[in-house]
Amino acid sequence: MHNNKTNTVRDTKLDAVSKSLKQSIKNLDSYTHVRGESLYVDDVNIRQGTFHAVVFDSPKAHGKIKHIDYSKAEALEGVERIFTYKDVPGENEIGGIIADEPLFAEDEVHFWGMPIALIVAESEFIARKARGLIEIEIEDLPVITTAKEAKAKGSFINAPRSFSLGDTEKAFTECDYVFEGETFSNGQEHLYIEAQGAYAEPMENGNIKITSSTQGPTAVQATTARVLGLAMHKIEVDVTRLGGGFGGKEDQATPWAVMAALATHHLNQSVKLILNRHDDLRMTGKRHPYESTYKIGLSKDLKILAYQTEFLQNSGAAADLSPAIAERTLFHATNSYYVPNVTTKVLSCKTNLPPNTAFRGFGGPQGMFVIESAIAKAASEIGVSAIKIQEANLLDENDTFSYGQIAKKVEAKNTWHSAKNIFNSDALEQEVADFNKNNTAFKKGLSFMPITFGISFTNTPMNHARALVHIYLDGSVGISTAAVEMGQGVNTKMMQIAADVFSIPIEKIKIETTNTTRVANTSPSAASSTADLNGKATLMACNALVERLKLVASEDLNVSEKDITLKNESVFINDKPSELSWTDLISSAMLKRVALTENAHYATPEIHFDKTKEKGHPFAYHVYGTAITTVTVDCTRGTYEFDSVKIVHDYGKSMSEGIDLGQVEGALIQGIGWMTMEEIAYNDDGKLLSNALSTYKVPDIFSVPKRVEVIPVETEGNDMAILKSKAVGEPPLMYGIGAYFALQNAIKAFNSNYDLEFHAPMTPEKVLMGLYEK
Ligand code: MTE
Ligand code: HPA
Ligand code: MOS
């Protein structure tokens, strides 16, 4: 969002990584991106004779397959073969957490867009034409599209989860105010620019190599092996980079890779399967819609004493990542607030929508929307500003989260008060009030949105990564990790770490593709933890190499190892340059037969969680921040423009300021899109109506806030974060929730009869209805 509308203020106090690198570092992919030279799956050179595939999917949301006639499609010239579940040599099963999802439908279909067969042909055009010739007869079964309906019918993915702290029931009896209500937040389409896809090639001895656009190379490898009935070592998965993932490729990149590999396995020929946008929109899951109820109890002095919620998650037709996402909703149910008595419950409701999946924030945003709604409701009923309630309940040092973790190095109050002071929010509030007094056709609204987001995979065993570092004999360096570059800049960060430890220019370092043969058994690049986990592993490997090299240098220079440092591509003795350069040192190490390769494994220390008690210490640390959003509503038309979003964000000590700022800006806009304009719609038959970019609107340059300011909060950082540079990928998305409440406040300023509704997104249509509600 580096347009001329955006003005960003940056702090320049830095340490840890060398100053110049931190400030000047650009996303290293930008050079190939702007030239169109970056390589995605669709750019990989394909072998002569490669086949192209298209998925045949269900034209009904729920039903029994009575009959399918493939004969006309098979007879089409250029069609090689059509694969169904009958061609699966191993298990027709792709569920990652729960084994409840077939790769291809067998006797029943469970959602509109569910894969039934794979058509493999000489060209994609022919395969698509063949798809139109398949005849299918489905006997309708009842379709469930909403979570409420699923709950009423007892249709669930798994058992409910519940967290509790204190004695909520008793606390409610002691409250001066108690309010109850309902909320709804809709799904969200990932709209990664690069659609889902994979390319599979046959290697020797029945081995298969897959190039996949996935956040989870190991998931692709393991699932392909299971479906094909092969050992994992026969499957190699390579990822160049993604044209965006946003969680949509954590699990849901897998089926397309498996299908391409299945066809390759049978045909002994390369197969490419890239979804077009329509197929991708129809066949893949999205952010989970949530229908929730809340009960909030406060004391006279606005302390939240008790909070209770039931979250109904619309999981779709199979588990996918829903159980983990439901869990993160509970972890973030109280956002940045300390509430002494909490009972939260989440039900993963099985419906006939495509399995919903990971999306930036991973259920956290859905949880936070509910408590912000409860606070807005309480504020409106009591007749105070929501800001007062928010401020009175901000998390403090040593407060206990409902899941048992004790809050440490808390920046909730710091970011809040810094935002108030730096942006002079009293004056901003006054400006809004004055504007509203003097204008009838336009009204302004302002909101505060604090965020607290836990960093680590909530599933403790997933918090590990490895790095494989080679120093080549000319002194150049190659690094392989489990990190997948999806635009978030993780490759640049890995390169910075090695450049810093070796003290060599980044031109001497190459980040290799993410490959299961070089780095095995990896967690997906997700949970905002990619840089922490893989960066720490990279740091360990580089440090180990430096120790080894110092020994070589101490022999060559006849000084103690303790006195040696590597600096500016040379060996320094007691901070003075010696005659030994980096390349000389590497040559010497080669002659001495010293290993110039290192493999390191990092597993986040200290974290644990006991699901039987729903207590533990699941997060390495939390990321904090506060956003102040102002909006102007056109009260004749219901349209609106965001004047500004002013943020104080906890980066820790950012190691790549430009990249991190890009993450905050991008996430903020994505959050605003979710809350205001992105409207997923299915009809009662479970057919996706918002199935094109003409019917699904994401923020563009005209709808982003006119001004976005991001100021880093002054903190010590956290040692659990890589070089004290905190994870930044997901947390800022939740600043976007402030947009919803800023809009509500503007509506209220126009129409005192407006009865607060918590039904996101707040589209211009809804704003208009609210403005004229009686
Ligand atoms: N930024 C870009 N440009 N593209 C993406 O796909 N994914 C987001 C976030 N930022 C994403 C992104 C999500 S959902 C996550 S979990 C993190 O990046 C993953 O990367 P990280 O762990 O390196 O932050
Ligand atoms: N975040 C993101 N992805 C995940 C998580 C998580 O906490 N757990 C499993 N996959
Ligand atoms: Mo991000 S939703 O953890 O891929």
Side-chain angles (χ1 to χ4, degrees), residues 27-33 35-47 192-194 196-201 203 207-222 224 232-245 249-250 253-254 256-257 260-261 264 270 272-274 465-472 476-499 506-526 530-531 533-535 537-538 541-542 597-600:
N27 187 327
L28 291 150
D29 279 345
S30 50
Y31 302 102
T32 53
H33 281 356
R35 290 185 172 96
E37 292 168 359
S38 300
L39 296 183
Y40 301 86
V41 176
D42 209 10
D43 302 310
V44 171
N45 268 337
I46 57 172
R47 291 194 204 182
Y192 24 67
I193 292 178
E194 180 204 24
Q196 303 275 5
Y199 170 63
E201 306 171 66
M203 311 304 277
N207 299 328
I208 294 174
K209 180 176 175 190
I210 304 170
T211 305
S212 167
S213 177
T214 181
Q215 292 173 237
T218 293
V220 168
Q221 182 194 20
T224 303
M232 277 174 76
H233 70 204
K234 296 187 78 71
I235 311 293
E236 173 185 351
V237 178
D238 192 77
V239 184
T240 56
R241 65 160 59 60
L242 314 189
K249 295 170 181 172
E250 182 175 336
T254 299
W256 328 111
T264 289
S270 305
K272 187 166 174 174
L273 168 58
I274 311 251
R466 278 157 301 289
L468 177 67
V469 179
H470 299 314
I471 303 172
Y472 292 100
S476 63
V477 172
I479 299 176
S480 296
T481 72
V484 169
E485 175 59 57
M486 56 188 116
Q488 86 280 42
V490 70
N491 281 359
T492 306
K493 289 184 175 179
M494 296 304 104
M495 202 159 342
Q496 277 181 271
I497 292 163
I506 49 175
E507 291 72 29
K508 278 211 150 68
I509 301 162
K510 178 185 172 204
I511 304 298
E512 304 288 354
T513 59
T514 318
N515 185 294
T516 54
T517 300
R518 275 178 270 116
V519 179
N521 306 329
T522 69
S523 292
S525 286
T530 316
L533 298 174
N534 295 279
T538 302
C542 293
T597 288
E598 184 65 24
N599 172 54

Looking at side-chain heavy atoms only, is the closest gap between E194 and V41 below 4.5 Å? yes
Is it the case that the side chain of S213 and the backbone of Q196 share a donor-acceptor pair, with hydrogens and angles ignored and the cut-off at 3.5 Å? no
Is the backbone N or O of T522 less than 3.5 Å from a side-chain atom of T218, with the two atoms forming a donor-acceptor pair by type? yes
Counting distance only, does the side-chain N/O of N534 pair as donor-acceptor with the main-chain N or O of A482 below 3.5 Å? yes
Rounded to the nearest 0.5 Å, the OH atom of Y199 sits from the NZ atom of K272 at a distance of 8.0 Å
OG on S476 to CD1 on I509, rounded to 0.5 Å: 10.0 Å
Going by heavy atoms in the side chains, are V469 and V477 under 4.5 Å from each other? yes
Is the shortest distance from a Lys or Arg side-chain nitrogen in D238 or K209 to a carboxylate oxygen in the other one below 4.0 Å? no
Whether over 12 other heavy atoms sit under 6.0 Å from K234 NZ: yes
E236/R518 ion pair, N-O < 4.0 Å: no
Listed partners of D43 passing side-chain hydrogen bond (donor to acceptor under 3.5 Å, both in side chains), at least two apart: none
Give a yes or no answer on whether the side chain of N207 reaches the backbone of M203 with a donor-acceptor pair at less than 3.5 Å. no
From CA spacing to verdict: side chain to side chain contact (heavy atoms under 4.5 Å, CB included), N521, R466: CA-CA 9 Å; N521 306 329; R466 278 157 301 289; 4.1 Å; yes
Looking only at atom types and distance, does a side-chain atom of E201 sit under 3.5 Å from a main-chain N or O of S270, one as donor and one as acceptor? no
State whether the side chain of Q215 and the backbone N or O of S525 hold a donor-acceptor pair below 3.5 Å, judged by distance alone. yes
Partners meeting ring pair (Phe, Tyr, Trp, His ring centres under 6.0 Å) with Y31 (sequence neighbours left out): none
Start with the C-alpha distance between L242 and K249, add both sets of side-chain angles, then the distance that settles side chain to side chain contact (heavy atoms under 4.5 Å, CB included), and finish with yes or no. CA-CA 9 Å; L242 314 189; K249 295 170 181 172; 3.9 Å; yes
Roughly how far, to the nearest 0.5 Å, is OG1 of T32 from CG of N27? 8.5 Å
For the atom pair CD (E598) and OG1 (T538), what is the distance rounded to the nearest 0.5 Å? 12.0 Å
Less than 4.5 Å apart, side chain to side chain, heavy atoms only: is that true for V239 and T211? no
The side-chain hydrogen bond (donor to acceptor under 3.5 Å, both in side chains) partner of R241 among T513, D29, T514 is D29
To the nearest 0.5 Å, how far apart are CD1 in I210 and OG1 in T254? 9.5 Å
Expected output: side-chain Q496 to main-chain A499 donor-acceptor under 3.5 Å: no
Does M486 offer a backbone N or O that forms a donor-acceptor pair with the side chain of Q488 under 3.5 Å? yes
Is the shortest side-chain heavy-atom distance between V44 and L39 below 4.5 Å? no
Could you work out, with side-chain hydrogen bond (donor to acceptor under 3.5 Å, both in side chains) as the rule, every residue matching T516, not counting sequence neighbours? none
Atom pair CD1/CG of I479 and N491 - distance to nearest 0.5 Å: 9.5 Å
